[in-house]
Amino acid sequence: EAGVTQSPTHLIKTRGQQVTLRCSPISGHTSVYWYQQALGLGLQFLLWYDEGEERNRGNFPPRFSGRQFPNYSSELNVNALELEDSALYLCASSRGRGTLHFGNGTRLTVT
Amino acid sequence: DAKTTQPPSMDCAEGRAANLPCNHSTISGNEYVYWYRQIHSQGPQYIIHGLKNNETNEMASLIITEDRKSSTLILPHATLRDTAVYYCIVRGINTGTASKLTFGTGTRLQVTL
């Protein structure tokens, strides 16, 4: 069974630009979660999507947004990038309220 | 979600059992205890979870005290590849907004020769 896949694995952007990160959940999983992990810090919850709807949102500004597609894959969009957005962005998926399984993330560097 | 308390770091000799403690004194009846680990620069890896009974799988054992206020993750024969940050998380799964995992700072386990 393929795990959660994220693309790209690494990305370098300039301050003020916009970025889109992608996540494909495990087959059969309908929920997708996004987390941010800045260097040396813990995982911070960003967004939770289930069945195409945003179910919960962490304490992040509106320039962080996303969506979930009918095939349950998901995108995370970050507008007006700031230096402090540099982090590892992790996606996880679950079957309903089941166990979350994580991908290996996208490392975003903002210069 | 209930808060958890873990020691910031632990050492373990290779081949020995690693016992990682976690306190979750405010856990409620519908909350599970989950354990994940994160090896440097990778995504967190699910290890095991339980409600009130002890659990065992191919990776580890989870011992939950009778009052459910604390638990211990046991890696029976630690290897160098078990060096990672281990997170103990309490998760309620019966309410919508509680479906997410709230990560703390975890325990950094260093396995040595």
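Labels below follow one simple rule: chain letters A, B, ... track the order of the sequence lines, proteins then strands, and each chain is numbered from 1. These figures come from a predicted structure and were not determined experimentally.
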**Prompt:** Is atom CD1 of A:I12 surrounded by more than 12 heavy atoms (other residues, nucleotides or ligands) closer than 6.0 Å?
**Reply:** no
**Request:** Report whether A:V110 and A:F60 are members of the same hydrophobic cluster (ILVMFWY, side-chain heavy atoms less than 4.5 Å apart, transitive linking).
**Result:** yes
**Message:** Please identify, among B:Y87, B:Y32, B:F103, the residue contributing the most non-hydrogen atom pairs under 4.5 Å to chain A.
**Reply:** B:F103
**Asked** Among the clusters formed by ILVMFWY side chains lying less than 4.5 Å apart, do A:L88 and A:Y33 turn up in the same one?
**Response** yes
**Prompt:** Is any side-chain heavy atom of A:L43 less than 4.5 Å from a side-chain heavy atom of B:Y36?
**Reply:** no
**Asked** How close do A:Y35 and B:L101 get, heavy atom to heavy atom, and via which atoms?
**Response** OH-O, 2.5 Å
**Fill in**
Under a 4.5 Å heavy-atom criterion, the part of residues 13-23 of chain A in contact with chain B comprises none
**Message:** To check you understand the geometry: which heavy-atom pair defines the closest contact between B:P44 and A:L90, and what is its length?
**Reply:** CD-CD1, 3.9 Å
**Request:** Can you establish whether the number of heavy atoms outside A:N59 located under 6.0 Å from its atom CG is more than 12?
**Result:** no
**Item:** Residue part contacting chain B, namely of A:Q37, when any heavy atom lies under 4.5 Å
**Value:** side chain
**Asked** Does one hydrophobic cluster hold both B:M10 and B:W35, with members joined at side-chain heavy-atom distances below 4.5 Å?
**Response** yes
**Message:** Starting from A:L11, can I reach A:L46 by hopping between I/L/V/M/F/W/Y residues whose side chains sit under 4.5 Å apart?
**Reply:** yes
**Prompt:** So does A:L39 have more than 12 non-hydrogen atoms from other groups sitting under 6.0 Å from CG?
**Reply:** no
**Message:** Tell me whether the count of non-hydrogen atoms from other residues, nucleotides or ligands lying under 6.0 Å of CZ in B:R108 goes above 12.
**Reply:** no
**Request:** Examine A:F45 and B:V85 and state if one hydrophobic cluster contains both, with Ile, Leu, Val, Met, Phe, Trp and Tyr joined whenever side-chain heavy atoms are less than 4.5 Å apart.
**Result:** yes
**Asked** So which part of B:Q38 gets closer than 4.5 Å to some heavy atom of chain A, the side chain, the backbone, both or neither?
**Response** side chain
**Item:** Closest non-hydrogen atom pair, A:G98 against B:R91
**Value:** O-NH1, 2.9 Å
**Request:** Output the distance between atom OG1 (A:T99) and atom CD1 (B:I47), rounded to the nearest 0.5 Å.
**Result:** 12.0 Å
